[in-house]
> 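Before I ask anything, here is the structure I am working with.
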Amino acid sequence: MRKIIINGGRPLTGKVTVSGAKNSVVALIPAIILADGIVTLDGVPAISDVDSLIDIMETMGASVRRDGECLEIDPRGVQDMPMPFGKINSLRASYYFYGSLLGRFGQAIVGLPGGCDLGPRPIDLHLKAFEAMGASMTYEGSNMHLVAGDKQLHGAHIFMDTVSVGATINTMLAAVKAHGRTVIENAAREPEIIDVATLLNNMGARVRGAGTDVIIIEGVEKLHGTRHQVIPDRIEAGTYIALAAAVGQGIQIDNVLYEHLESYIAKLEEMGVRMTVSEDSVFVEKQEQLKAVSIKTSPYPGVATDLQQPLTPLLLKTTGNGRIIDTIYEKRVGHVAELAKMGAQIATRSNYITYQGPNELIGAQVKATDLRAGAAMIIAGLMAQGQTEITNVEFILRGYSNIIEKLTDLGADIQLIED
Ligand code: EPZ
């Protein structure tokens with residue numbers, strides 16, 4: 001296993017560029033199965049989730065060429081076959097193959113998805129949408145067999161009981177080649193959904209309303225190849241903005257779309273964080289006194305659940321006390337016990353986190369309990385006096401492109417070593 005060693009307390013300064021969005025690209029790659037031509041993606045992040053998805057695509061018969069951030073995929077060789085079970089339980093986003101295989105072949109034989117342990121992560125809304133579109137499911141061991149009557153899905157009017165990013169995107173993937181019209185009500189509005197809809201429409205699909213809570217899809221016969229630029233990763237951006245406010249002496253974060261982070265930036269300003277927001281970058285100054293605030297996550301455009309963990313170490317620097325309520329994943333508290341090991345005054349209560357600041361963190365041996373908790377531990381390690389050792393770092397490398405290099409360029413004393 002690999003681990004990250006940080007010698008903290010150093011002032012960081014300089015520039016960092018945000019990469020393409022993980023939560024977009026993990027849907028864009030499976031979506032390419034729907035095309036009858038080559039699709040090229042630009043701005044693909046260097047993260048292990050992408051490596052896993054390329055491996056799955058190639059195993060299923062696609063040909064893939066990767067040149068830095070450019071990914072060229074020819075899906076025409078993809079076979080109508082069971083998904084490679086052993087490979088797909090490494091990441092939750094493998095469920096997007098359900099929608100794209102159903103959309104292309106009218107059937108999908110898949111294992112159940114994996115991913116971070118954030119508490120129960122059901123897929124009932126995905127399956128309910130597929131059933132409404134004419135798919136039935138049977139279970140063979142740990143494999144699930146989804147098959148549409150006559151191998152052809154039909155349009156449906158679907159109301160999502162819960163706002164779900166994955167179920168919204170998966171339903172779009174199944175619907176673009178279904179017979180007739182599909183309406184998704186109470187759809188999620190995240191920017192990644194707009195990004196997937198943009199790719200699909202550039203492939204010839206007819207998707208309207210992405211980014212609102214009602215999405216209408218008119219099924220088409222064929223989808224062709226295209227070229228697509230992945231949107232910037234708003235969660236990576238938010239992570240580096242929090243890091244810059246916590247340990248920076250002036251850091252510029254480039255490739256940031258302000259409209260993707262409005263509620264988050266408003267919260268930072270409420271804390272007293274001084275920053276300059278321009279068209280596609282944010283400059284964060286060295287911070288002085290910051291005020292404790294409370295955070296409540298909610299679906300986009302609210303403060304993202306993925307950002308409450310990376311934001312927590314900065315909250316520990318503020319003066320006062322506050323609460324963090326994650327309304328999407330109540331159990332997303334893995335970072336709390338690890339931060340307490342570093343001397344933080346932080347604890348979990350029934351369905352929220354409570355903290356008191358300011359705190360002087362001390363380096364310790366800690367672990368990444370999930371992807372975004374891992375990012376929080378890196379920021380805490382950079383803040384702390386002394387050495388911090390982080391294990392379970394594979395989580396972090398799933399979602400943060402070139403994070404060791406990016407932090408080293410800012411002046412951090414950070415290493416990734418084989419244990
Ligand atoms: C996506 O996960 C993101 N992952 C998550 O980011 C993010 O935290 C989440 O959306 C926020 O909503 C990817 O995009 C790959 P959901 P997803 O369906 O789609 C419940 C990260 O750190 N639900 O929007 O799996 C669910 O339990 C990751 O990058 C059902 O009840 O999340 C949750 O409470 C972590 N039934 C709520 O909806 C379902 O069928 C929102 O989940 C599906 C979801």
Side-chain angles (χ1 to χ4, degrees), residues 19-31 45 47-50 52-53 88 90-99 112-132 137 144 158-174 184 186-196 213 230-231 233-239 260 263-264 297-311 325-335 351 368-376 395-401 403:
S19 302
K22 166 184 92 78
N23 290 347
S24 182
V25 80
V26 296
L28 296 172
I29 293 172
I47 55 176
S48 60
D49 273 5
V50 168
S52 304
L53 289 167
I88 76 159
S90 62
L91 71 151
R92 175 169 169 85
S94 55
Y95 53 44
Y96 289 131
F97 285 102
Y98 304 176
L112 295 173
C116 290
D117 177 13
L118 304 177
R121 298 187 75 188
I123 55 168
D124 57 309
L125 297 174
H126 302 237
L127 302 178
K128 185 179 155 199
F130 297 148
E131 279 182 309
M137 71 204 67
M144 173 170 61
I158 295 155
F159 185 88
M160 294 288 176
D161 302 338
T162 308
V163 173
S164 160
V165 171
T168 300
I169 292 176
N170 231 348
T171 304
M172 281 199 313
L173 298 181
I184 307 171
N186 200 28
R189 297 163 51 192
E190 273 69 2
E192 293 75 32
I193 290 160
I194 300 174
D195 204 29
V196 174
D213 60 357
V230 182
I231 57 170
D233 191 319
R234 61 194 170 94
I235 308 303
E236 184 190 15
T239 301
H260 287 175
S263 53
Y264 180 74
T297 69
S298 59
Y300 191 85
V303 174
T305 168
D306 299 347
L307 284 172
Q308 59 97 342
Q309 293 167 300
L311 181 61
I325 302 171
D326 193 331
T327 66
I328 294 172
Y329 297 118
E330 271 186 19
K331 300 271 184 293
R332 198 169 194 167
V333 297
H335 55 311
N351 65 342
T369 55
D370 58 77
L371 165 59
R372 306 302 174 183
F395 280 122
I396 303 170
L397 304 177
R398 280 188 46 208
Y400 285 95
S401 184
I403 187 164

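Just follow the structure's listing: the first ligand is 1, and inside any ligand the first atom is 1. Scope of the values below: all heavy atoms of this structure, side chains included, with no hydrogens, waters or symmetry mates.
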> Please report the shortest heavy-atom distance between S401 and I47, naming the atom on each side.
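Closest approach of S401 to I47, heavy atoms only: N-CG2, 3.6 Å.
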> Enter the distance from L125:CG to N170:CG here, rounded to the nearest 0.5 Å.
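If we round to the nearest 0.5 Å, L125:CG and N170:CG are 11.0 Å apart.
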> Do Y95 and H126 have ring centres separated by under 6.0 Å?
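Yes.
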> Can you name the atoms of ligand 1, numbered from 1 with element, that are less than 4.0 Å from a heavy atom of I123?
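It comes down to these atoms of ligand 1: 39 (C), 40 (O).
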> For ligand 1, which atoms sit closer than 4.0 Å to a heavy atom of K22?
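In order of numbering, the contacting atoms are 21 (C), 29 (O).
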> Mind checking the CD-OG1 spacing from E330 to T297? Nearest 0.5 Å is all I need.
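That separation rounds to 10.0 Å.
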> Is the closest heavy-atom distance from M160 to ligand 1 below 4.0 Å?
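No heavy atom of M160 comes that close to ligand 1.
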> Need the ligand 1 atom indices (1-based, order shown) with element for anything under 4.0 Å from a heavy-atom of T162.
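Numbered from 1, ligand 1 contributes 38 (O).
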> Could you tell me whether V163 approaches ligand 1 through its side chain, its backbone, both or neither, with non-hydrogen atoms closer than 4.0 Å?
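The backbone, only.
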> If I compare all heavy atoms of M160 with all of T168, which pair ends up nearest, and what's the gap?
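Between these two residues, the closest heavy atoms are CE-N, 4.1 Å.
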> Could you list which atoms of ligand 1 come closer than 4.0 Å to a heavy atom of H126?
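Heavy-atom distances to H126 below 4.0 Å select 40 (O).
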> List every atom of ligand 1 that sits less than 4.0 Å from any heavy atom of D306, numbering the atoms from 1 in the order shown and giving each element.
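Listed by number with element, the hits are 5 (C), 6 (O), 7 (C), 8 (O), 21 (C), 22 (O), 28 (C), 29 (O), 35 (C).
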> Tell me which part of V165 gets within contact of ligand 1: side chain, backbone, both or neither, using heavy atoms under 4.0 Å.
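Both backbone and side chain.
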> Quick check: do N23 and D306 have side-chain heavy atoms less than 4.5 Å from each other?
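Touching, per the 4.5 Å side-chain cut-off.
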> For ligand 1, which is the ligand I care about here, please tell me if T305 has any N or O atom under 3.5 Å from one of the ligand's N or O atoms.
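For ligand 1, there is no N or O atom that lies under 3.5 Å from one belonging to T305.
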> Going by the order shown, which atoms of ligand 1 are within less than 4.0 Å of some heavy atom of V26?
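Heavy-atom distances to V26 below 4.0 Å select 15 (C).
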> I'd like to know if D49 pairs up with R398 as an ion pair, taking the criterion as any Lys NZ or Arg NE/NH1/NH2 lying under 4.0 Å from an Asp or Glu carboxylate oxygen.
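Looking at D49 and R398, the cut-off is met.
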> Do any nitrogen or oxygen atoms of G166 come within less than 3.5 Å of a nitrogen or oxygen of ligand 1?
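Indeed, backbone or side chain, G166 has an N or O that close.
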> Please round to the nearest 0.5 Å and tell me the distance separating atom CZ of F395 and atom CG of D370.
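The distance works out to 6.5 Å.
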> Using a 4.0 Å cut-off to any heavy atom of R372, which atoms of ligand 1 qualify?
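Matching atoms, with element in brackets: 21 (C), 22 (O), 29 (O).
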> Where's the contact between Y95 and ligand 1, heavy-atom distance under 4.0 Å: side chain, backbone, both or neither?
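Contact part for Y95 vs ligand 1: side chain (C-beta onward).
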> Looking only at heavy atoms, is any part of Q309 under 4.0 Å from ligand 1, and if so is it the side chain, the backbone, or both, or is it neither?
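Near ligand 1, Q309 shows nothing, with every heavy atom at 4.0 Å or more.
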> I'd like to know whether ligand 1 has P122 as a neighbour, heavy-atom separation below 4.0 Å.
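Yes, P122 has heavy atoms under 4.0 Å from ligand 1.
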> Give, for atom CG of L127 and atom OH of Y98, the distance between the pair rounded to the nearest 0.5 Å.
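Nearest 0.5 Å value for the CG-OH distance: 7.5 Å.
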> Checking side chain to side chain donor-acceptor pair (under 3.5 Å) for the pair D326/Q308: CA distance, chi angles, key distance, verdict?
CA-CA 8 Å; D326 193 331; Q308 59 97 342; 3.0 Å; yes
> If I apply the N/O under 3.5 Å rule, does Y329 come out as touching ligand 1?
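Yes, since at least one N or O of Y329 sits under 3.5 Å from an N or O of ligand 1.
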